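Note on naming: letters A, B, ... go to the chains in the order of the sequence lines (proteins, then strands), and numbering restarts at 1 for each one. Please read all numbers here as calculations on a predicted model, not as lab measurements.
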There are 2 protein chains.
Amino acid sequence: MAARIPTQKKILNAAEMLFSRDGFEQTSLRQITQEAGVNLASVNYHFGSKKALIQAVMARYLVVFMPVLEEQLKLAEQQSELKTEELFKRFKIPLAKLTEVNKHGPDIFLRLLGFAYSEIQGHLRKYTQQEFGEVLQHLMALLKRANPHLDEQQMFWRLHFILGAAVFAQVSGQALIEIAEAEFNQKVGAQDVIDHLIPFVSGGLEEA
Amino acid sequence: MAARIPTQKKILNAAEMLFSRDGFEQTSLRQITQEAGVNLASVNYHFGSKKALIQAVMARYLVVFMPVLEEQLKLAEQQSELKTEELFKRFKIPLAKLTEVNKHGPDIFLRLLGFAYSEIQGHLRKYTQQEFGEVLQHLMALLKRANPHLDEQQMFWRLHFILGAAVFAQVSGQALIEIAEAEFNQKVGAQDVIDHLIPFVSGGLEEA
DNA sequence: GCATGATTTAAACATGCGTTTAATCTAATT
DNA sequence: AATTAGATTAAACGCATGTTTAAATCATGC
């Protein structure tokens with residue numbers, strides 16, 4: 001018993017935990033390797049660089065998340081009437097799928113994504129844009145169909161505001177959740193935050 | 001002629017330019033002092049530390065912005081009917097006042113504020129909260145009056161989403177503005193971004 | 001059971017940061 | 001003109017980071 005966990009997985013798990021808690025830049029390789037119980041040099045041996053490790057951590061979730069999201073958007077596309085809020089709600093399905101990667105997969109992934117966007121590291125922006133670009137354009141097209149009363153410029157800015165609200169909610173997430181829990185005396189999960197977020201961004205986008 | 005500019009002001013100007021362009025953490029004292037044409041050690045001599053320099057840069061704008069904002073909120077308070085969008089629009093007055101500090105004062109201040117909130121440096125969070133806390137609570141109370149249909153929890157989360165959208169818009173600001181200008185063939189200022197932001201956050205907040 | 005290639009290890013490397021030091025220069029006062 | 005307090009300077013300090021090195025260890029196939 002005590003199935004031996006390969007070094008790479010040990011590193012990925014420790015990195016994921018620390019990245020999602022503190023952010024990419026704020027987490028050092030020394031913290032990661034200590035947490036993982038492996039040698040400092042093994043990150044560069046197995047992954048090549050910190051950048052590559054970050055991408056590997058993201059990849060574990062993206063390969064699950066992306067196809068399911070794309071599938072959901074295709075389903076939405078086939079419907080005759082297209083409502084904004086319904087479109088956003090479809091994000092919940094690929095998100096829920098991430099529990100298969102990790103019990104707290106959805107929470108972790110959203111926080112990672114938040115840091116990926118808020119830390120303006122070029123390589124990460126390029127990477128996520130590369131991974132997300134197509135799907136985001138798909139989403140944009142559908143949102144335009146659902147909101148024909150908005151012109152290109154309004155749509156452009158509002159989409160980025162939405163992104164900002166979502167990212168900020170995740171990055172400030174744990175601190176905010178703790179405040180909310182203390183304030184309202186009830187447990188709050190990342191999923192609950194999403195449930196608050198969806199009507200907000202829908203209302204903001206649809207506003208005349 | 002060629003009125004001699006004191007070292008402190010040279011440092012503040014250079015720091016402000018670099019901080020608002022790249023963020024606080026991303027800007028080193030060596031960059032600042034080189035840009036200002038002064039010695040590296042003079043920052044610590046005149047300001048004590050980098051932290052203190054950051055606060056000094058913020059202070060030049062806060063001392064102008066805050067009293068005018070508070071004044072506007074007081075005016076809003078006296079009105080019988082309180083509309084969300086009108087409340088947000090009142091931010092434009094203290095913001096416009098910042099042109100007295102610097103021609104691009106509003107743009108610069110908003111970006112600085114964005115970085116102040118997105119970079120989770122404890123001391124900055126504490127500082128801005130200390131400066132802003134009272135006014136933010138004032139705003140929160142007024143928004144509650146304008147939106148009696150929302151419960152405490154909805155209000156809590158939506159306010160933070162709004163903050164996120166605003167912060168993100170400013171931090172990603174220059175990149176987004178450049179994209180928008182290329183896309184729509186017209187000049188875009190930070191003020192224009194605000195004009196797009198206000199209906200979005202108003203709609204999002206009011207949503208049933 | 002040994003040879004070989006993959007892995008792990010401790011140590012050093014190179015770089016950049018904020019800060020401090022101590023000497024030098026400047027300008028006003030006596 | 002000498003003194004003195006303030007301002008500036010070049011250099012170094014101490015620390016943390018990601019990365020690289022080269023030796024030691026491990027595991028696997030013959």
Side-chain angles (χ1 to χ4, degrees), chain A residues 1-58 112 115-116 118-127, chain B residues 2-58 112 115-116 119-127:
Chain A
M1 48 185 48
R4 170 164 154 48
I5 300 165
T7 300
Q8 319 194 9
K9 196 159 267 181
K10 280 199 258 180
I11 293 173
L12 283 172
N13 290 341
E16 170 182 303
M17 190 272 279
L18 293 166
F19 283 156
S20 67
R21 198 189 64 189
D22 304 330
F24 299 107
E25 294 195 325
Q26 303 296 325
T27 303
S28 72
L29 294 184
R30 283 170 175 81
Q31 282 179 268
I32 292 169
T33 50
Q34 182 175 346
E35 173 72 28
V38 302
N39 188 272
L40 167 63
S42 53
V43 170
N44 286 279
Y45 178 77
H46 286 289
F47 295 93
S49 68
K50 185 182 180 181
K51 282 184 187 182
L53 171 63
I54 291 172
Q55 293 183 4
V57 168
M58 294 301 292
L112 290 174
F115 281 119
S118 68
E119 296 180 11
I120 326 204
Q121 290 182 269
H123 77 99
L124 252 186
R125 203 176 266 278
K126 202 175 269 179
Y127 176 71
Chain B
R4 169 165 153 53
I5 300 165
T7 300
Q8 280 132 316
K9 196 158 267 182
K10 279 199 258 179
I11 293 173
L12 283 172
N13 290 340
E16 171 182 303
M17 191 272 278
L18 293 167
F19 284 156
S20 67
R21 199 189 63 190
D22 303 330
F24 300 107
E25 294 195 326
Q26 304 296 325
T27 302
S28 72
L29 294 184
R30 284 169 175 81
Q31 282 179 268
I32 292 169
T33 50
Q34 182 174 348
E35 174 71 30
V38 302
N39 187 272
L40 168 63
S42 54
V43 170
N44 286 280
Y45 178 77
H46 286 290
F47 295 94
S49 67
K50 185 181 179 181
K51 282 184 188 181
L53 171 62
I54 291 171
Q55 293 183 3
V57 168
M58 294 302 292
L112 290 174
F115 281 119
E119 296 180 12
I120 327 210
Q121 287 182 271
H123 78 100
L124 251 186
R125 203 176 265 279
K126 201 175 267 179
Y127 177 71

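Screening residues 26-41 of chain B for side-chain hydrogen bond (donor to acceptor under 3.5 Å, both in side chains) gives A:Glu25-B:Gln26 as the qualifying pairs, with residues at least two apart or on separate chains. Applying the side-chain hydrogen bond (donor to acceptor under 3.5 Å, both in side chains) definition to pairs two or more places apart or across chains, those involving residues 5-22 of chain B are B:Asn13-B:Arg60, B:Glu16-B:Arg60, B:Glu16-B:Tyr61, B:Glu16-B:Asn102.
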Under 3.5 Å, which N/O atoms of the protein pair with N/O atoms of nucleotides 23-28 of chain D?
none

All N/O contacts under 3.5 Å from nucleotides 23-28 of chain C to the protein, with atom names and distances to one decimal?
none

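To the nearest 0.5 angstrom, B:Leu53 atom CG is 6.0 Å from B:Leu12 atom CG. From A:Lys51, atom NZ reaches atom CZ of A:Phe24 across 14.0 Å, with rounding to the nearest 0.5 Å. Within the model, atoms CD1 of B:Ile11 and CD1 of B:Ile32 stand 8.5 Å from one another, a figure rounded to the nearest 0.5 Å. For the atom pair B:Lys50 NZ and B:Phe19 CZ, the distance stands at 5.5 Å (nearest 0.5 Å).
Between A:Ser49 and A:Val43, the closest heavy-atom pair is O-CG1, 4.4 Å. What you find for B:Ala56 and B:Phe47 is that their closest heavy atoms are CB-CE2, 3.9 Å.
Taking atom CG of residue A:Asn44 and atom C1' of nucleotide D:dT17, one finds them 12 Å apart after rounding to whole Å. Between the CD atom of B:Glu25 and the C1' atom of C:dG18 there is a distance of 13 Å, rounded to whole Å. Summarising the geometry, the separation between CZ on A:Phe24 and C1' on D:dT17 is reported as 18 Å, rounded to the nearest angstrom. The interatomic distance linking A:Leu18 (CG) with D:dG18 (P) rounds to 12 Å, in whole Å. Following rounding to the nearest Å, A:Lys10 (NZ) and C:dT9 (C1') show an atom-to-atom distance of 13 Å.
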Nucleotide-resolved protein contact map, nucleotides 5-11 of chain D, B/S/- at heavy-atom distance under 4.0 Å: -SBBBB-
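For the segment residues 27-34 of chain A, the set of residues with a heavy atom within less than 4.0 Å of an atom of DNA chain D comprises A:Thr27, A:Ser28, A:Leu29, A:Arg30, in numerical order.
Residues satisfying the side-chain hydrogen bond (donor to acceptor under 3.5 Å, both in side chains) criterion with B:His46, sequence neighbours excluded, are absent altogether.
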